[in-house]
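Just so it is clear, the values below take in all heavy atoms, side chains as well, and ignore hydrogens, waters and symmetry mates. Ligands are counted one by one from 1 in listed order, and the atoms in each one are counted from 1 as well.
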Amino acid sequence: MSVPPALSRRAADLDRASALGDTRTRFCLPEGVIYLDGNSLGALPAAVPGVVHEVVARQWGERLIRSWNESDWWGAPERVGDRVGSLVGAAPGQVVVTDSTSVNLFKVFVAASRLRAGRRVVLTDGASFPTDLYVLAAASRLVELEVVPVTHAEAAGAIAEYADRLAFIAFSQVDYRTGELWDLPGLTRSAHEAGALACWDLCHSAGVHPVGLDEHAVDFAVGCGYKYLNGGPGAPAFVYVATRHQADFDHPLTGWQGHASPFAMSPDYVPAEGITRARTGTAPLLSLLALEAALTAYDGLDIADVRAQSQSLTGFFLECLAGLGLDLPVVTPRDAGRRGSQVSLRHPQAYAVVQALIARGVIGDFREPDIIRLGFAPLYLTHADVLESARHLAEVLAHNEFDRPEFAARAAVT
Ligand SMILES: *Cc1c(COP(=O)(O)O)cnc(C)c1O
């Protein structure tokens with residue numbers, strides 16, 4: 001299929017105008033692949049292999065247990081937390097990298113409920129990522145909360161309605177399936193006006209959106225290390241506890257690494273000062289230090305420029321769909337101010353379409369029931385890649401390539 005020359009020129013113009021410059025060289029990407037799945041597992045930053053080798057061979061292999069002090073393994077959760085914090089608008093001392101998102105959600109939900117003991121209602125998105133719902137249900141059984149599901153459109157009204165019965169809101173800033181950006185500043189403000197707290201899941205916004213946790217007075221937040229932050233498979237997650245809540249942050253997983261003096265080996269738990277009390281057990285150091293190296297891909301970048309590039313890439317993808325005559329229903333808001341860093345499309349054969357794209361080297365993913373989900377990681381994608389991926393999609397659809405039997409079989413991970 002030939003591409004209209006105007007689209008090719010526009011891709012080149014947009015790439016020249018990008019404020020990020022050539023950040024793609026900060027990543028190792030295989031030849032012939034256009035990677036549209038950085039919202040699920042980020043690509044490998046070029047700084048990571050060398051650091052992992054050094055950590056394994058020298059820090060672990062040679063220095064052994066001395067590295068806890070010599071290489072400050074002990075302080076890594078807070079050190080890397082501050083670097084993550086700088087990408088989500090949090091001043092130092094409020095973010096720690098620890099555990100998984102699921103585990104951190106549990107800590108935050110129970111702690112938030114204890115801070116609003118007289119109030120028992122929690123508002124959440126009923127279409128949220130399942131782990132957020134499962135963990136909220138489990139926390140609710142423990143601390144007797146009533147979970148009320150609402151849509152984005154209903155959220156502000158529900159906050160006003162539940163008013164002094166509302167303990168906290170628990171939403172994702174970006175819907176993992178549709179890519180819709182929720183109104184974090186506005187809903188946080190409304191929750192506070194009702195005397196409630198705001199917990200935000202940043203899994204699909206950390207690293208691609210400025211978020212502004214401090215600016216918007218968010219109370220608690222969590223997020224993944226392995227999506228746009230590129231920390232690698234199974235990278236630990238992060239948790240943000242605003243300074244004003246730290247002294248009262250009473251979470252349920254009180255392990256020794258959140259203790260005020262862990263090496264006193266006292267039988268009684270005394271929480272550490274500051275964000276350290278959100279730690280539980282020993283961190284997965286190899287993964288944590290891989291994440292630290294990965295975050296150097298953001299060195300010298302302004303997160304506002306990253307957001308601008310993300311909006312430009314997703315916006316250009318929509319332009320390409322129109323320019324190539326593709327009229328699949330677009331699930332993601334067309335207004336750039338209302339979308340995250342992905343574009344989701346509907347197709348009755350979405351799974352097979354994604355498999356056909358992968359066979360052509362365009363890696364995206366499928367989400368139930370009929371969503372083709374394409375993530376646009378601004379640090380390593382160009383507008384030329386965007387146009388090329390739209391061209392492949394047009395060819396897959398024009399030739400019904402998705403009908404081939406080999407694209408129907410589902411793997412364990414979709
Ligand atoms: C990816 C994702 C998670 C993953 O949680 P883990 O505990 O790291 O497996 C949770 N919530 C949301 C919204 C996500 O997008």
Do D72 side-chain atoms and G75 backbone N/O form a donor-acceptor pair below 3.5 Å? yes

Element-labelled atoms of ligand 1 that are located less than 4.0 Å from some non-hydrogen atom of D201: 11 (N), 12 (C), 13 (C)

At under 4.0 Å between heavy atoms, which part of D132 makes contact with ligand 1: side chain, backbone, both or neither? side chain

Ligand-residue contact atoms, ligand 1 with S100, heavy atoms, under 4.0 Å: 7 (O)

Report yes if the distance between the aromatic ring centroids of Y240 and F220 is under 6.0 Å, otherwise no. no

For atom 9 (O) of ligand 1, the protein heavy atom that lies nearest, with its residue and separation: Y226 OH, 3.5 Å

Within the 4.0 Å heavy-atom cut-off, what T101 brings close to ligand 1 is both

In this structure, atom 14 (C) of ligand 1 is nearest to the protein heavy atom K227 NZ, 2.8 Å

Can you check whether L229 reaches F238 side chain to side chain, under 4.5 Å on heavy atoms? yes

Test applied, side chain to side chain donor-acceptor pair (under 3.5 Å); reference residue, R373; option that passes from T332, D37, D365: D365

Proximal ligand 1 atoms for S172, defined as those under 4.0 Å from one of its heavy atoms: 13 (C)

In this structure, atom 10 (C) of ligand 1 is nearest to the protein heavy atom T131 CG2, 3.4 Å

Could you go through residues 349-357 and list every donor-acceptor pair under 3.5 Å that involves a side-chain atom there, pairing it with any protein atom two or more places apart or in another chain?
unit_1, atom_1, unit_2, atom_2, d
Y351, OH, A409, O, 3.3
Y351, OH, A411, N, 3.2

Working to the nearest 0.5 angstrom, can you tell me the gap between S310 OG and Q342 CD? 10.0 Å

With heavy atoms under 4.0 Å as the rule, classify the contact between C203 and ligand 1 as side chain, backbone, both or neither. side chain

Does any part of the side chain of F402, heavy atoms only, come nearer than 4.5 Å to the side chain of P348, both counted from C-beta? no

Should L202 and V222 count as side-chain neighbours, where that means a heavy-atom distance under 4.5 Å? no

What atoms of ligand 1 come within less than 4.0 Å of a heavy atom belonging to H204? 15 (O)

the protein heavy atom lying closest to atom 7 (O) of ligand 1 turns out to be S102 OG, 2.6 Å

